[in-house]
Amino acid sequence: MARPNEEVEALLQEYADLVTITGGDAYKARAYEKAARAIGGHHADVSRLDLKGLLDIPNVGKSIAEKVLEYLRTGRLAMVEEARAVIPAGVRELITIPMLGPKKALLLYEELHISSVDELLDAIHDEKLRDLKGFGAKTEENILHGIALMQQAGDRILLNAAMDVAEQIVADLSGVDGCERCTYAGSLRRMRETIGDVDILVAAARSGPLMEAITELPITAEVIAHGEKKTSIRTTKGLQVDLRVLPADAWGAGLLYFTGSKAHNIRVREIAVRHKYKLSEYGLFHAKSGKKIVSETEEEVYARLGLPWIPPALREDRGEIAAGLRDELPELIQEGDIRGDLHTHTDLTDGVATLQDMVTAAAERGYAYYAVTDHAPNLFMQRMTDAKILAQRKRVRELDGKHRRMHLLHGTELNIGPDGEVDWPDDFLAGFDLCVASVHSHFNQTRDELTRRLLRACENPHVSIIGHPTTRLIGKRRGIDADFDAVFEACARTNTALEINAHPERLDLCDEDILRARRYGVKFAVNTDAHSVTHLPYMRFGVGTAQRGWLTKDDVINTWPLQKLRRFLRKGRSG
DNA sequence: GCCGTTTTCGGCCCGACTGTTTTCAGTCG
């Protein structure tokens with residue numbers, strides 16, 4: 001089950017969308033949106049809060065608090081159900097297509113009765129959109145492109161969503177009688193950025209009770225296949241989960257096999273064949289006699305093939321086997337190596353938590369340091385001013401060292417403008433402990449313009465980190481088309497770190513870009529870009545992505561001791 | 001629908017781009 005906060009967030013967001021689509025009061029819709037975000041990002045479990053507790057959440061007033069209580073009490077919200085009766089769910093789906101907003105979606109529904117992406121594709125194909133007011137050839141093209149982008153991610157879902165499901169199922173099955181071991185495998189264990197289906201592995205002597213148990217979980221909507229060795233279900237949200245049960249002595253071989261990737265497995269099996277062995281999910285065997293050699297742990301299987309244990313994040317057939325055979329696998333960065341988060345927001349701009357709450361939550365994660373980097377004035381909608389950021393700095397200085405002796409850095413996330421310029425003049429920038437700089441608009445400039453823009457940001461002596469460098473949003477927006485080799489070279493030359501943004505919608509840079517960038521000797525910063533306390537744990541996905549990029553802790557500046565980090569942030573400037 | 005204290009009513013995220021217009025609506029960040 002999703003966290004109650006997320007269920008409520010989704011419900012309030014849905015209501016906000018429905019109000020918007022039906023042309024209701026825009027401010028009311030925004031109020032619901034703000035409340036949804038605040039609840040989703042609230043640290044306490046809403047299902048344990050009373051009316052007063054709910055009212056303490058910013059942007060939640062009496063009306064919404066009562067609606068939340070109604071939902072928690074009855075599992076339903078009459079208001080939302082009434083709205084759903086007017087606007088089918090498929091119309092909401094339409095506004096997730098880039099370029100299609102509430103107005104156009106409503107028009108499509110009212111004029112052409114379109115209420116799903118498939119119906120929209122049919123209508124475009126039949127040229128039915130041409131006659132609609134406000135729709136032209138270019139709009140059609142943009143919609144098609146948007147749909148293609150969505151379908152490119154296909155049925156795959158974001159890493160964090162899959163992880164939530166997997167961890168819940170692992171927890172549930174671990175409690176079943178006879179379950180000796182239980183974990184998730186597959187692309188999730190390899191920390192791929194999107195997940196097609198979830199693979200769960202269990203070690204047990206008797207599979208029956210576990211196969212039974214998974215079909216009876218509240219999250220299970222449909223049983224696709226139900227056998228002795230394997231059961232497949234579909235969750236209420238449409239995610240397929242495969243459960244495999246193995247004898248405990250085959251655990252290692254099974255884990256290796258079901259973690260993949262397919263390409264990695266093929267390579268490993270080739271090596272087995274060369275040794276006159278045979279490798280399957282049940283173990284490593286002598287090819288001739290069929291006698292089992294090892295199967296209990298992954299380490300044993302790899303070792304018999306002359307390989308060290310290969311971390312799952314590397315198992316993509318990108319040279320990890322060859323490196324393993326030479327005993328030259330990198331000592332990958334671990335989440336525990338991270339000493340601090342260098343890109344985070346508060347409610348001074350578009351975050352939903354106060355400075356105090358963010359700092360407290362960060363300290364609880366055991367960080368040695370933590371940077372607050374709210375948006376700067378050029379992102380006009382954030383309404384940042386010199387006075388506001390300076391007042392924040394004063395607060396940051398007051399809180400410095402007050403929570404588990406965690407050091408606070410006062411920074412900002414600058415906006416890289418169309419010409420590569422940033423928000424404040426040099427002397428003002430000099431007052432920050434660090435500046436992240438990111439592209440937030442003008443994504444469609446030419447390749448040359450985009451490249452020049454990023455290079456100029458790197459050359460800025462006050463910019464220490466380029467935030468979400470490609471600006472892609474998984475399944476929603478392609479990254480910008482810049483010459484990233486030139487950018488990587490410039491980063492290495494100017495001592496500017498590249499961010500690995502840990503937010504599951506971004507994971508930017510992605511693994512492949514990291515692999516390219518590291519060859520230039522670039523340093524990286526794994527940051528969450530947290531806009532609420534619930535985003536701080538996304539760090540694990542950033543670290544997973546860094547691992548997929550073969551990074552060690554030396555490559556990542558926020559594993560460094562504070563003094564060394566501070567030297568890096570100065571980029572060779574004095575003072 | 002939420003918020004605040006120079007407001008308990010009247011504000012609420014502003015600017016730019018795009019594609020469709022014939023002077024601007026819709027969408028996005």
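In the text below, chain A, chain B and the rest are named by the order of the sequence lines, each starting its count at 1.
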Integer-rounded Å distance: B/dG19 C1' and A/Leu132 CG: 15 Å
Length of the line joining A/Asn444:CG and B/dG29:C1', which is rounded to integer Å: 13 Å
Near-parallel close stack of A/Phe380 and B/dC13 base (under 5.5 Å, under 30°): no
B/dT21, syn or anti by chi within 90 degrees of zero: anti
Distance below 4.0 Å between A/His442 side-chain N/O and B/dA16 OP1 or OP2: no
Touch class at under 4.0 angstrom, heavy-atom based, for A/Asn142 against every strand present: sugar-phosphate
Nearest to side-chain heavy atoms of A/Lys103, which nucleotide of B/dT27, B/dG19, B/dG1: B/dT27
For B/dT8, the Watson-Crick or wobble counterpart (both distances under 3.5 Å): none
Sugar-phosphate, base or nothing in reach of A/Lys62, heavy atoms under 4.0 Å: sugar-phosphate
Residue met sooner reading DNA chain B from 5', once A/Leu473 and A/Glu140 are mapped to nucleotides: A/Glu140
Touch class at under 4.0 angstrom, heavy-atom based, for A/Tyr32 against every strand present: sugar-phosphate
Sugar-phosphate, base or nothing in reach of A/Tyr15, heavy atoms under 4.0 Å: nothing
Test: A/Arg452 and A/Asp448 ion pair at under 4.0 Å: no
A/Arg393 side chain vs A/His410 backbone, donor-acceptor pair below 3.5 Å: no
B/dG11 versus B/dT18 - spacing of their P atoms, nearest Å: 33 Å
Under 4.0 angstrom between A/Arg30 side-chain N/O and B/dC2 OP1 or OP2: no
Separation of atom NZ in A/Lys104 from atom C1' in B/dT21, rounded to whole Å: 12 Å
Interatomic distance, A/Leu106 CG vs B/dA25 P [rounded to whole Å]: 17 Å
Geometric class of the A/Tyr109/A/His113 ring pair [parallel <30°, tilted 30-60°, perpendicular >60°]: perpendicular
Length of the CG-C1' vector between A/Leu100 and B/dC28, whole Å: 13 Å
Selected nucleotide, minimal atom distance to A/Phe443 side chain, candidates B/dG19, B/dG1, B/dG29: B/dG29
Distance between C1' atoms of B/dG19 and B/dC9 (Å, rounded): 39 Å
side-chain N/O A/Ser441 vs B/dG15 OP1/OP2, d < 4.0 Å: no
Spacing of A/Glu33 atom CD relative to B/dC12 atom C1', expressed in whole Å: 13 Å
P gap between B/dG10 and B/dC17, integer Å: 36 Å
Aromatic plane relationship, A/His503 with A/Tyr538 - under 30° parallel, 30 to 60° tilted, over 60° perpendicular: perpendicular
Basic-acidic side-chain contact under 4.0 Å: A/Arg493, A/Glu459: yes
A/Asn59 side chain near B/dG1 phosphate (N/O to OP1/OP2, under 4.0 Å): no
Length of the CG-C1' vector between A/Leu54 and B/dG1, whole Å: 15 Å
Minimum-distance nucleotide (side-chain atoms of A/Ala31 versus B/dT20, B/dC2, B/dT27): B/dC2
Options B/dT20, B/dG29, B/dC12, nucleotide nearest the side-chain atoms of A/His440: B/dG29
Rounded P spacing from B/dT22 to B/dG15 in Å: 27 Å
P gap between B/dT6 and B/dC24, integer Å: 39 Å
For A/Ala44, all residues meeting side-chain contact (heavy atoms from CB on, under 4.5 Å), sequence neighbours excluded: A/His42, A/Leu49
Below 4.0 Å: OP1/OP2 of B/dG29 and any side-chain N or O of A/Arg477: yes
Ring geometry between A/Tyr32 and A/Tyr15 (parallel below 30°, tilted from 30 to 60°, perpendicular above 60°): perpendicular
Spacing between A/Arg383 atom CZ and B/dC12 atom P, to the nearest angstrom: 6 Å
Sugar-phosphate only, base, or nothing, as touched by A/Ala35 at under 4.0 Å among non-hydrogen atoms: nothing
